[in-house]
Amino acid sequence: MPPHPAPQRYSARVSVVGEDTPIRRTLPHRDRRMVGAWCFLDHAGPVQFGPGKGLHVGAHPHIGLQTFTWMIEGEVMHRDSLGYEQVVRPGQVNLMTAGRGIAHSEDSVQDGGRLHAAQLWIALPESERHREPAFCNYPDLPVLRQDGFTATVLAGTALGQTAPTVVYSPMVGIDLSCTGAARTSLALDTAYEYCVLVLRGAARVAGEAIEQEELLYFAPGRDSLEIATDGEAQLLLLGGKPFGEDILLWWNFVARTQEDMAQALADWNASPNQGGRFGSVRPGSVSAPLSAPSLDGVVLKAQR
Ligand code: MN
């Protein structure tokens, strides 16, 4: 018997966000909705925008989750309905806690530049999902070196360091980068499930080759993970205690019932970005507010 079940492999869905930002979406996947509390994983870019082009996402609301932006290349301006206006730069995280409701916009600071980022969502547990909205930029995250890798602790505790990012479930996020061939073994929490995404290059994780179009998933029970590369590479390792609550995910919302979801959609569409439940995003975005897609005829399926 092998000591662990084989990792599972999930393919990214490729799409375009805004005008021309290529996105590889690996969570949610039909067969893997969440990894711990991580419930959404978009890998944006890397892209070199043409003249006058950039990422521009107009005002839109969120509930029941945290948006977690990990910036690798480029600069994006976040504006929200609490009044925050904050650029996120390479090596930084912007973390917005939607709680009961918030709205924000995202715009490239300079058009015609580069963009490479991971946009993650974290589902809030039942006890926290109605909390007051909040926003924080984290310019300084713990950075460590191990066996040729540079590890940045994005969330939770890893390699003896705890990230300052405030999250509400037992979870971890680590960026691993190397400039040449490298091999290391990372200690894992046996109570956590994990996934690995390649942001640049390619790697072997627990002996399995992995490239940029896929997510490799590891069930709980492992106490270490071997990671190796033949050259320059960058990986994202995410993990957490299995969430244990069914959630509904639709558009930009995480809820628990179809009625909650329909109400949030109606509340936004009644007066998009004009006060009300979600307030008004600090002005400055070049894009119009987004419209919530109708739930008519859609029966949301619980996922975990
Ligand atoms: Mn958003």
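Basis for what follows: all heavy atoms, side chains included, without hydrogens, waters or symmetry-related copies.
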Q: Would the distance check show the side chain of S81 and the main-chain N or O of G279 forming a donor-acceptor pair, the cut-off being under 3.5 Å?
A: no
Q: Quick one: does Y194's side chain get under 4.5 Å of R222's, heavy atoms only?
A: no
Q: Checking salt bridge (Lys or Arg N to Asp or Glu O under 4.0 Å) for the pair D189/K241: CA distance, chi angles, key distance, verdict?
A: CA-CA 9 Å; D189 185 326; K241 199 167 163 225; over 6 Å; no
Q: Would you say the side-chain atoms of S169 pair up with the backbone N or O of M171, donor to acceptor, closer than 3.5 Å?
A: no
Q: If we ignore hydrogens and angles and just use 3.5 Å, is the side chain of H60 paired with the main-chain N or O of G58 as donor and acceptor?
A: yes
Q: Taking D42 first and then R13, would you say they form a salt bridge - that is, a charged N and a carboxylate O separated by under 4.0 Å?
A: no
Q: Side chain of R282, backbone of G83: donor and acceptor closer than 3.5 Å?
A: yes
Q: Got a second to check how far K301's NZ is from I247's CD1, nearest 0.5 Å?
A: 14.0 Å
Q: To check you understand the geometry: which heavy-atom pair defines the closest contact between H4 and G221, and what is its length?
A: CE1-O, 3.4 Å
Q: What are the two closest non-hydrogen atoms of Q234 and I72, and how far apart are they?
A: OE1-CG2, 3.8 Å
Q: Without swapping roles, check the side chain of W38 against the backbone of G239 for a donor-acceptor pair under 3.5 Å.
A: yes
Q: Can you find a pair of side-chain heavy atoms, one from L27 and one from V35, that are under 4.5 Å apart?
A: yes
Q: What's the spacing between S280 OG and N273 CG if we round to 0.5 Å?
A: 5.0 Å
Q: Sort out for me which residue in F68, F253, W121 forms a ring pair (Phe, Tyr, Trp, His ring centres under 6.0 Å) with F40.
A: W121
Q: Without hydrogens or angle criteria, can the side chains of T184 and D147 be said to hold a donor-acceptor pair below 3.5 Å?
A: yes
Q: Any heavy-atom pair between the side chains of T97 and L124 that's under 4.5 Å?
A: yes
Q: If I compare all heavy atoms of W251 with all of A292, which pair ends up nearest, and what's the gap?
A: CZ3-CB, 3.2 Å
Q: If the threshold is 4.0 Å, N to carboxylate O, is there a salt bridge linking R204 and E226?
A: no
Q: So, does E106 use its side chain to make a donor-acceptor pair with the main chain of R79 at under 3.5 Å?
A: no
Q: Are any non-hydrogen side-chain atoms of R9 and E208 less than 4.5 angstrom apart?
A: yes
Q: Check for a donor-acceptor pair, side chain of E85 on one end and backbone N or O of D80 on the other, with a separation under 3.5 Å.
A: no
Q: I'd like to know if the side chain of E214 and the backbone of E211 have a donor-acceptor N/O pair within less than 3.5 Å.
A: yes
Q: Going through the checks in order, is the ring-ring contact (aromatic ring centres under 6.0 Å, His included) test met by Y84 and H78?
A: CA-CA 8 Å; Y84 287 99; H78 157 99; 7.4 Å; no
Q: Report yes if some heavy atom in the side chain of P164 is under 4.5 Å from a heavy atom in the side chain of P142; otherwise report no.
A: yes
Q: Does R256 reach the side chain of D246, with side-chain heavy atoms less than 4.5 Å apart?
A: no
Q: Kindly compute the distance separating CG (L65) from CG (N252), expressed to the nearest 0.5 Å.
A: 8.0 Å
Q: Does CG in D140 sit with more than 12 non-hydrogen atoms of other residues, nucleotides or ligands closer than 6.0 Å?
A: no
Q: Taking all atoms of both residues into account, what is the closest heavy-atom pair of P242 and A191, and its distance?
A: CD-O, 3.4 Å
Q: Any chance you could lay out the side chain to side chain donor-acceptor pair (under 3.5 Å) test for T190 and D223, step after step, and finish with the verdict?
A: CA-CA 5 Å; T190 56; D223 59 9; over 6 Å; no
Q: Measuring from atom CG of L199 to atom CG of L236, what distance do you get when rounded to the nearest 0.5 angstrom?
A: 5.0 Å
Q: So do Y138 and V166 actually touch side chain to side chain, heavy atoms under 4.5 Å?
A: yes
Q: Donor-acceptor pair, distance only, cut-off 3.5 Å: does the side chain of S294 make one with the backbone of D296?
A: yes
Q: Under the 3.5 angstrom rule, does the side chain of S108 hit a backbone N or O of Q110 as a donor-acceptor pair?
A: no
Q: Should R145 and T150 be marked as a side chain to side chain donor-acceptor pair (under 3.5 Å) after you check the CA-CA gap, both sets of side-chain angles, and the distance that decides it?
A: CA-CA 5 Å; R145 321 245 174 242; T150 298; 2.8 Å; yes
Q: Looking only at the side chains, is there a donor atom on one of Q92 and N137 sitting less than 3.5 Å from an acceptor on the other?
A: yes
Q: Do we get R32 above Y10's six-membered ring, with its NZ or CZ under 6.0 Å from the centre and within 45° of the axis?
A: no
Q: With rounding to the nearest 0.5 Å, note down the distance linking CH2 in W70 to CG in L41.
A: 14.0 Å
Q: Looking at Q119, H116, Q212, which one forms a side-chain hydrogen bond (donor to acceptor under 3.5 Å, both in side chains) with H43?
A: H116
Q: Output the distance between atom CE (M34) and atom CD (E245), rounded to the nearest 0.5 Å.
A: 8.5 Å
Q: Among Q8, E193, H29, which one satisfies side-chain hydrogen bond (donor to acceptor under 3.5 Å, both in side chains) with Y217?
A: E193
Q: Find out whether T69 and V76 are in side-chain contact, i.e. whether some heavy atom of one side chain is under 4.5 Å from a heavy atom of the other.
A: no
